[in-house]
Amino acid sequence: NAIAGSTRRKRKRTKTAAYIPDPVTSFDQLQSTYNLQPRLLANIYKAGFDSPTPIQMQAIPVMIDRREIMAQAPTGSGKTAAFVIPILHHLREPRNLGFRALILAPTRELAKQILQVCRQLSEGIGFRCRYIEKATTAANKFGPKSKQNFDLLVTTPNRLVFLLKHDPPLINLSRVEWLVVDESDKLFESGFMGFRDQLAVIYNACSSNNICRALFSATFAHDVEEWCKLTLDNVVQVTVGARNA
Ligand code: ADP
Ligand code: ADP
Ligand code: MG
């Protein structure tokens, strides 16, 4: 299960558990402090993002530092870019290694919206951002015999689990460095045990030693917090606004 998975893999740490990177107050600061690539910064400004929102100020440096994170901030507060920016920073450039980032969303609508943000912010860098349209065609597009010429996958969990449970699996997640669960409160809510099992299947398929997980939600949920504290490695908790907003 996911808990066994997290103890099985020991990640190398250069920072102590108590260390949390300082928030940034401008996007320029991301470039000066973390050497964000100019094209990514240009895309951020081109999207009309003049300065980071509070959740972006806090979550982006934490994720750039490869810390596991549980983040809560109100709807409309810019959570999508808060996880997409550090992921694009880590991916650096397109590689033909298969998916290196995986974002789970509770609905297809939301998954497609996140995909648009990924594409908007990676314009000119050439990342291949993908969505599982049909489980049946996904096997050909993304399966072991495909060219692995894609970088980032946004999907609802059902389709992905279907591909992973096939024998042999129809998708390889061994190069995934970031696993993001967006609207984690909703995913856990719709049958808590059901999604927790799916997440364990997905996490176990993400067999890289360098995997980091991030959970984002609008509302605070005790179930999610407990799961994060049990499962995530030195999790950083970030809350914007009232805890039960
Ligand atoms: P959430 O996931 O928290 O509900 P979204 O990521 O969907 O929020 O963002 C809500 C809106 O805010 C979107 O239209 C997005 O383009 C915009 N937005 C995100 N970050 C910024 C920013 N730094 N400055 C201005 N607008 C932003
Ligand atoms: P659609 O949106 O048309 O259902 P999918 O890609 O989600 O397309 O699924 C295509 C087919 O793959 C489904 O009709 C079903 O046979 C199978 N499938 C997908 N997800 C699951 C799942 N979670 N469990 C069992 N079968 C699945
Ligand atoms: Mg959102």
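Counting starts at 1 for both ligands and their atoms, in listed order. Residue numbers count from 1 along this sequence.
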Proximity of Q113 to ligand 1 by residue part, where a heavy atom lies under 4.0 Å: neither
Charged N to carboxylate O under 4.0 angstrom, E123 versus K46? yes
Salt bridge check: are K79 and E183 linked by an N-O gap of less than 4.0 Å? no
For [atom], which protein heavy atom lies nearest, and how many Å away is it?
atom: atom 20 (N) of ligand 1; result: Q56 NE2, 2.8 Å
atom: atom 26 (N) of ligand 1; result: F49 CD2, 3.6 Å
atom: atom 8 (O) of ligand 1; result: G78 N, 3.1 Å
atom: atom 7 (O) of ligand 1; result: T80 OG1, 3.7 Å

Residue [X] vicinity, atoms of ligand 1 by number, heavy atom under 4.0 Å:
X: S51; result: 22 (C), 23 (N), 24 (N)
X: P74; result: 3 (O)
X: T53; result: 21 (C), 22 (C), 23 (N)

Give a yes/no on ligand 1: does [X] have at least one heavy atom closer than 4.0 angstrom to it?
X: S77; answer: yes
X: A218; answer: no
X: A82; answer: no

State whether the side chain of S26 and the backbone N or O of Q29 hold a donor-acceptor pair below 3.5 Å, judged by distance alone. yes
Give a yes or no on whether the backbone of F216 and the side-chain of S184 come within a donor-acceptor separation of less than 3.5 Å. yes
Look at the rings of H90 and W178 and say which category their plane angle falls in: under 30° parallel, 30 to 60° tilted, over 60° perpendicular. parallel
Going by distance only, is there an N or O of G76 that falls short of 3.5 Å from an N or O of ligand 1? yes
So, is D50 polar-close to ligand 1, with some N/O to N/O distance under 3.5 Å? no
Check whether the ring centres of F150 and F127 lie less than 6.0 Å apart, and answer yes or no. no
Verify same cluster id: F49, V84 (apolar side-chain graph, 4.5 Å): yes
Going by side chain to side chain contact (heavy atoms under 4.5 Å, CB included), L215 matches just one of V235, L104, T231, V181. Which one? V181
I want to confirm something. Looking only at heavy atoms, which of Q120, E183, K79 is nearest to atom 2 (O) of ligand 1? K79
Could you measure the distance from the OG1 atom of T155 to the CD1 atom of I202? Nearest 0.5 Å is fine. 8.0 Å
